[in-house]
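What follows is a short report on a single structure.
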Amino acid sequence: MDVNLSLNINHVLGDIRQAAARSGRDAAEIGIVAVTKTVPAENVREAVSAGLRILGENRVQELIAKYPLVEGAEWHLIGHLQRNKVKYITDKVSLIHSLDSAALAEEIDRRMNSMGRIMDVLVQVNIAEDPKKHGIKANQVIDFVEAAAQLQGIRIKGLMTIGPYVSDPGEIRPVFRELRKLAENVKKMDLPGVDMRHLSMGMSNDYIVAIEEGATLVRIGSAIFGTRK
Ligand SMILES: *Cc1c(COP(=O)(O)O)cnc(C)c1O
């Protein structure tokens, strides 16, 4: 890959600092999840050496393959997780961004209980109700969180969304704003075991807008590693 990783990372860090300053936020509260799908382990290691500490994969198989080859970072699962694959990742990831069904919540809970551990999760919300995307509908989030909060093996840490593809990043602002409002509404319920600290939103195309709207985790692939083939 003919990509200058540290240049790209510095560019992203600069954008984050500026977007945070513009919106009166502390840039230190915004984490970069470096999205490594299709990126060879060698380049992932380079990104970790350059200072990135959170890696995100959207496929279980790719995560499992790279996991033993990369040290010094934590892994997040950011893509749709099938129930029968939960068992492969419970000991590898520190956060699952893509909790999108009650059945998945129950399976993660079951696996974590048997290990005597707890998994941090974000509830994926399909704000735009895109039929091609996974996620809980906005008007079902409150009920979903209330039910999932009963499970001892998972801890809800916030919400995640994937914005629709738009040519003008400004068009995406209402989507991110709605996710933040939803998170505020959940927070007001003050449910035991629910800690709404994270808003995972924003990718290479739209992370600046996402930060202006309150993102605490931005999931960035191509702006760091170059365009995927
Ligand atoms: C691929 C992917 C990203 C990163 O996409 P880029 O446009 O390359 O930044 C973020 N989130 C999810 C869920 C993804 O699958």
Side-chain angles (χ1 to χ4, degrees), residues 1-5 7-16 19 30-41 43-44 46-48 50 52-66 73-82 85 89 92-101 104 120-136 157-172 175-176 179 198-229:
M1 233 186 280
D2 191 15
V3 167
N4 188 331
L5 271 184
L7 199 72
N8 287 352
I9 293 168
N10 280 334
H11 184 95
V12 168
L13 286 172
D15 280 351
I16 291 175
I30 299 154
I32 300 175
V33 180
V35 176
T36 57
K37 64 183 177 214
T38 77
V39 177
N43 301 78
V44 180
E46 214 186 306
V48 174
L52 296 180
R53 289 289 174 268
I54 311 173
L55 306 172
E57 270 293 343
N58 69 332
R59 292 217 181 84
V60 168
Q61 209 164 349
E62 249 190 282
L63 190 144
I64 296 172
K66 284 170 218 176
E74 55 182 292
W75 289 89
H76 290 181
L77 188 83
I78 62 171
H80 176 62
L81 176 58
Q82 288 171 278
K85 303 248 172 86
I89 63 153
K92 299 183 179 62
V93 304
S94 58
L95 182 66
I96 296 172
H97 290 227
S98 44
L99 179 62
D100 58 9
S101 73
L104 178 61
D120 287 346
V121 299
L122 307 180
V123 175
Q124 180 172 349
V125 187
N126 190 353
I127 298 273
E129 300 199 7
D130 178 346
K132 291 196 287 288
K133 287 200 182 97
H134 294 277
I136 307 296
K157 290 283 184 179
L159 304 181
M160 176 271 218
T161 199
I162 303 175
Y165 184 80
V166 290
S167 47
D168 171 9
E171 286 175 43
I172 210 149
V175 172
F176 294 155
L179 193 75
H198 283 306
L199 278 179
S200 168
M201 57 190 195
M203 322 202 311
S204 293
N205 270 325
D206 51 25
Y207 65 92
I208 294 175
V209 177
I211 290 166
E212 289 168 357
E213 295 301 329
T216 65
L217 291 171
V218 287
R219 308 179 309 268
I220 303 184
S222 48
I224 293 172
F225 295 105
T227 313
R228 285 181 295 276
K229 287 179 200 80

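Each ligand, and each atom within it, is numbered from 1 in the order the structure gives. Bear in mind the structure is a predicted one, so any value in this text is a computation, not a measurement.
- Interface of Ile162 with ligand 1, defined as ligand atoms under 4.0 Å from a residue heavy atom, comprises 13 (C).
- Using modelled atom types, one side-chain atom of Lys66 and one backbone atom of Val39 make a donor-acceptor pair closer than 3.5 Å.
- Of the residues Ile89, Ile54, Thr36, Leu95, the one that meets the side-chain contact (heavy atoms from CB on, under 4.5 Å) test with Trp75 is Thr36.
- Residue Gly221 has at least one N or O atom closer than 3.5 Å to an N or O atom of ligand 1.
- Counting the atoms of ligand 1 from 1 in the order shown, those under 4.0 Å from a heavy atom of Ile220 are 9 (O).
- Within the 4.0 Å heavy-atom cutoff, His97 does not count among the residues contacting ligand 1.
- Judged purely by atom type and a 3.5 angstrom limit, Arg219 has no side-chain atom pairing as donor or acceptor with the backbone of Val35.
- At distances below 3.5 Å, not a single donor-acceptor pair connects side-chain atoms of Glu212 with backbone N or O atoms of Ala19.
- In this structure, the protein non-hydrogen atom closest to atom 12 (C) of ligand 1 is Ile78 CD1, 3.5 Å.
- Between the side chain of Asp206 and the backbone N or O of Met203, at least one donor-acceptor pair lies under 3.5 Å.
- Ser204 places no side-chain N or O within donor-acceptor distance of the main-chain N or O of Ile220, the cut-off being under 3.5 Å.
- Residue Asn58 touches ligand 1 through its side chain alone, judged by heavy-atom distances below 4.0 Å.
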Side chain to side chain donor-acceptor pair (under 3.5 Å) evaluation trace for His80 with Ser98: CA-CA 6 Å; His80 176 62; Ser98 44; over 6 Å; no
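- On a distance-only criterion, Asn205 and ligand 1 share no N/O pair closer than 3.5 Å.
- Of the protein's heavy atoms, Lys37 NZ, 2.6 Å lies nearest to atom 2 (C) of ligand 1.
- The protein atom (non-hydrogen) at minimum distance from atom 10 (C) of ligand 1 is Met203 SD, 3.1 Å.
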For side-chain contact (heavy atoms from CB on, under 4.5 Å), just list the numbers for Met160 and Met201, CA-CA rounded to whole Å, side-chain angles, deciding distance to a tenth of an Å, and then say yes or no. CA-CA 6 Å; Met160 176 271 218; Met201 57 190 195; over 6 Å; no
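- Ranking the protein heavy atoms by distance from atom 11 (N) of ligand 1 puts Arg219 NE, 2.9 Å first.
- Nearest protein neighbour of atom 6 (P) of ligand 1, counting heavy atoms only, is Ser204 OG, 3.5 Å.
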